[in-house]
> 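The structure that follows is given in the form of structure tokens.
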Amino acid sequence: MMTNLDLTEEQQAIRDTVRRYAREKIAPRAAELDASAEFPRETVKELAEMGIFGIGFPEDEGGMGGDTLSYILAVEELSRVDGSHGITLAAHCSLGVWPIYAFGTPEQKAKYMPKICAGEYLSSFGLTEPEAGSDAGGTRTTAVLDGDQWVINGSKQFITNATHAGVLVITARTDLEAKRSHGISAFLLETDAPGFSLGKKEDKLGLRASDTRALVFEDCRIPKDALLGEEGHGFPIFMKTLDGGRISIAALALGIGQGALDEAATYSMERKQFGRRICDFQMIQTYLADMHTELTAARHLTYHAARLKDAGRRHVIESAMAKYFASTAAMKATCLAIQIHGGYGYTKDYPVERYFRDAKLCEIGEGTSEIQRIVIARELLKMHAD
Amino acid sequence: MKIVVCMKPVPSSEARINIASDGRSIDPTDVEMVANPYDEYAVEEALRIKEARGEGEVIVLTVAAEAARSEIRKCLAMGVDRGVIVQDPALLGGDGIGTARVLAAVIRELEPELVLCGKLSIDVESDVVGIALAEYLDWPHVSLATKIEWPDGKMAKVQREIEGGAEIVEVSLPAVVTAEKGLNEPRYASLKGIMAAKRKPIEAVTPSVDAGQVGAAGAGVEIVAMNPPPARGGGKKFEGEIEEVVPQVVELLKSEAKIL
Ligand SMILES: Cc1cc2nc3c(=O)[nH]c(=O)nc-3n(C[C@H](O)[C@H](O)[C@H](O)COP(=O)(O)OP(=O)(O)OC[C@H]3O[C@@H](n4cnc5c(N)ncnc54)[C@H](O)[C@@H]3O)c2cc1C
């Protein structure tokens with residue numbers, strides 16, 4: 001079904017291992033986890049033991065030595081049975097670990113990389129604030145140097161994995177005079193820092209077994225050397241982080257959409273109406289064909305972006321296109337999957353309504369579809385101006 | 001302990017099988033191959049024996065074409081130390097007896113204390129290789145193992161499935177044991193294992209065997225034709241009260257289906 005993707009033997013082995021684990025261990029519990037909105041500690045622990053949380057990072061830094069595409073395949077396969085597991089992995093690797101890997105000092109990396117790659121604890125990325133969502137440059141959280149400590153005040157909103165994180169990458173304004181994006185810096189904050197607390201845990205439409213919550217900083221003190229990258233460089237750090245992260249949200253969308261298509265195709269061959277299997281009706285075939293075509297196109301965009309990242313090439317527009325296209329395709333595929341299931345698809349007796357609810361996040365997180373098109377247009381106009 | 005596990009790549013049980021144009025073999029195009037599931041139990045058991053003893057070597061041995069290296073690599077990813085492959089075309093394409101002769105020739109060189117095989121391979125299901133191998137080695141064998149214990153570390157105490165019960169057999173080494181479902185639950189390859197597998201050796205060997213007894217040339221069994229299974233006929237639907245329907249079904253199972 002998914003041939004000719006030119007995956008290496010190693011990428012295939014990783015995909016197959018994660019696929020088998022997801023089918024055998026996660027799929028049977030996905031509905032129950034969705035209903036209880038319970039974080040899947042057991043399976044997350046087992047996945048950590050498999051090495052999945054450090055999959056795309058070099059071995060000498062504590063990772064598994066796989067490439068970005070291997071990691072993307074893992075997110076896709078998890079999401080194919082349960083998006084909550086998919087986003088947990090995606091947010092950890094792309095948003096929590098990657099900025100430390102890419103911008104951390106040797107000391108910072110030595111301190112955190114082995115632990116977060118082994119999944120001893122998770123790592124999260126705190127960018128979004130109540131007043132700064134799409135407009136992340138509008139960050140209001142502040143960090144002021146007091147002797148050899150930074151004093152942080154403010155809050156963050158919708159932070160994935162925060163409950164289970166040992167370290168957070170956060171952004172705060174260090175130059176209160178500077179215009180917008182220029183005065184922002186990035187920090188590494190250990191979750192036992194004085195003055196730090198977890199805020200509201202969100203009760204979400206979908207991805208309910210993933211952890212999403214607010215962060216609160218009240219005169220929170222962290223050491224001076226907890227600065228990540230240079231002072232005032234927080235904006236480029238998180239922009240680069242999101243360029244990679246968007247590929248993982250594309251993979252999340254792709255997995256969810258593929259999971260819905262798998263369900264719909266199977267159901268359409270079993271359900272009979274008017275004395276025929278519903279997959280024999282041309283209209284149902286049209287739906288299945290559209291889903292497959294769009295998801296295949298999304299897969300190519302996504303893997304292409306991952307391969308560019310692996311090659312160290314610029315991938316700003318490719319990541320944005322992959323995320324935008326894959327999330328649109330997933331939304332449509334999950335919607336059609338319910339349609340193909342008829343009334344049964346609207347109930348919790350079948351998983352497609354969960355896929356539908358889960359898919360919606362892909363059009364919102366790590367930059368909404370509107371923001372992706374702003375990025376795509378900006379990049380393409382730049383190309384045309386050259 | 002040095003353990004050799006014999007592993008055959010087979011089409012995945014989920015693969016859609018097409019018959020090749022020669023009418024006598026499976027068309028390999030786009031067929032997903034996997035390690036024979038019973039051989040996976042054997043691999044798992046070998047790894048457990050090695051882990052319990054804290055020493056030893058597990059070698060996976062395959063008689064198949066070059067492409068089989070990817071299934072060998074999957075075993076290496078599970079933790080097997082190295083692979084040995086016999087890929088000389090003259091030695092392939094035989095029947096189970098020929099394969100057993102080739103395996104025996106390689107195993108004599110490797111000198112393991114224990115050989116583990118699957119009870120059968122899910123593609124041809126001829127159930128002969130493990131046992132014939134033991135004969136050619138002139139070693140004892142225990143087939144259909146569901147449990148292997150080591151009371152004194154030397155003799156293996158093997159539980160095997162027999163009709164209506166289980167039999168417990170003690171066997172001295174060297175020996176061949178074939179794995180039945182239930183022996184264990186094969187592990188997932190860890191990602192670390194997958195990355196490490198790249199660096200583990202797979203050695204191609206050509207054992208010296210009597211060419212007339214192995215490969216296609218030496219096969220005693222000839223596949224004359226392969227046909228897809230007949231299309232399933234329509235089912236029979238019984239309607240009415242359970243009390244009435246059940247006797248009807250039982251009667252037909254006796255008289256028509258003849259399975260009771
Ligand atoms: C489940 C979940 C997990 C998340 N995880 C994280 C995380 O780990 N870390 C983190 O930092 N954040 C996280 N987020 C936050 C997420 O990135 C933001 O929700 C997202 O960027 C949108 O911001 P907002 O919610 O404030 O919406 P807003 O920015 O208020 O947007 C509202 C609407 O206005 C539109 N809009 C805004 N600006 C423009 C414009 N210029 N042109 C056109 N339309 C525009 C938007 O597209 C959207 O439709 C998560 C969110 C969710 C729901």
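Note on naming: letters A, B, ... go to the chains in the order of the sequence lines (proteins, then strands), and numbering restarts at 1 for each one.
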> Got a second to check how far A/Thr17's OG1 is from B/Lys74's NZ, nearest 0.5 Å?
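Reported to 0.5 Å precision, the distance equals 8.5 Å.
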> May I ask you to say whether A/Glu59 pairs ionically with B/Lys198, meaning some side-chain N is under 4.0 Å from a carboxylate O?
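No, no charged N to carboxylate O under 4.0 Å.
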> With a 6.0 Å cut-off (strictly less than), is the heavy-atom count around NZ of A/Lys109, excluding the residue itself, greater than 12?
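More than 12 within 6.0 Å, yes.
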> Under 3.5 Å, is there a donor-acceptor pair linking the side chains of B/Tyr188 and A/Glu46?
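No, because no side-chain N or O of B/Tyr188 sits under 3.5 Å from a partner of the opposite role on A/Glu46.
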> Quick check: are there more than 12 heavy atoms from other residues, nucleotides or ligands sitting under 6.0 Å from CD1 of B/Ile19?
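Counting neighbours around CD1 of B/Ile19, more than 12 heavy atoms of other residues, nucleotides or ligands fall under 6.0 Å, so yes.
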> If you count every heavy atom of other residues, nucleotides or ligands that lies below 6.0 Å from A/Phe281 atom CZ, does the total exceed 12?
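Counting other residues, nucleotides and ligands, CZ of A/Phe281 exceeds 12 neighbours.
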> If I compare all heavy atoms of B/Arg187 with all of A/Arg20, which pair ends up nearest, and what's the gap?
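The pair with the smallest heavy-atom distance is O-NH1, 3.9 Å.
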> In terms of heavy-atom proximity below 4.5 Å to chain B, should A/Glu9 be classed as side chain, backbone, both, or neither?
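Only the side chain of A/Glu9 comes within 4.5 Å of chain B.
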> Roughly how far apart are B/Glu32 CD and A/Asp16 CG, rounded to 0.5 Å?
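B/Glu32 CD to A/Asp16 CG: 6.0 Å, rounded to 0.5 Å.
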> For the candidates B/Gly193, B/Ala197, B/Ala189, which exhibits the highest count of non-hydrogen atom pairs separated by less than 4.5 Å from chain A?
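It is B/Ala189.
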> For the atom pair CD (A/Gln12) and CD1 (B/Ile194), what is the distance rounded to the nearest 0.5 Å?
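Answer rounded to 0.5 Å: 11.0 Å.
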> B/Ala77 versus chain A, heavy atoms under 4.5 Å apart: side chain, backbone, both or neither?
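No part of B/Ala77 comes within 4.5 Å of chain A.
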> Would you compute the distance between atom CG of A/Leu47 and atom OG of B/Ser190 and round it to the nearest 0.5 angstrom?
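These two atoms lie 12.0 Å from each other.
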> In terms of heavy-atom contacts, does CD of B/Glu55 have more than 12 from other residues, nucleotides or ligands at under 6.0 Å?
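Count over threshold, so yes.
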> Do other residues, nucleotides or ligands put more than 12 heavy atoms under 6.0 Å from B/Lys2 NZ?
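Above 12, so yes.
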> Is the count of non-hydrogen atoms from other residues, nucleotides or ligands lying under 6.0 Å from A/Tyr101 atom OH greater than 12?
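Incorrect, the count does not exceed 12.
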> Please flag which part of B/Arg16 lies under 4.5 Å from any non-hydrogen atom of chain A: side chain, backbone, both or neither.
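For B/Arg16, there is no contact with chain A at all, as no heavy atom is under 4.5 Å.
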> Does B/Glu125 CD have over 12 foreign heavy atoms under 6.0 Å away?
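Counting other residues, nucleotides and ligands, CD of B/Glu125 exceeds 12 neighbours.
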> Taking side chain as everything from C-beta outward and backbone as N, CA, C, O, which of these in B/Lys192 sits under 4.5 Å from a heavy atom of chain A? Side chain, backbone, both or neither.
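Both backbone and side chain.
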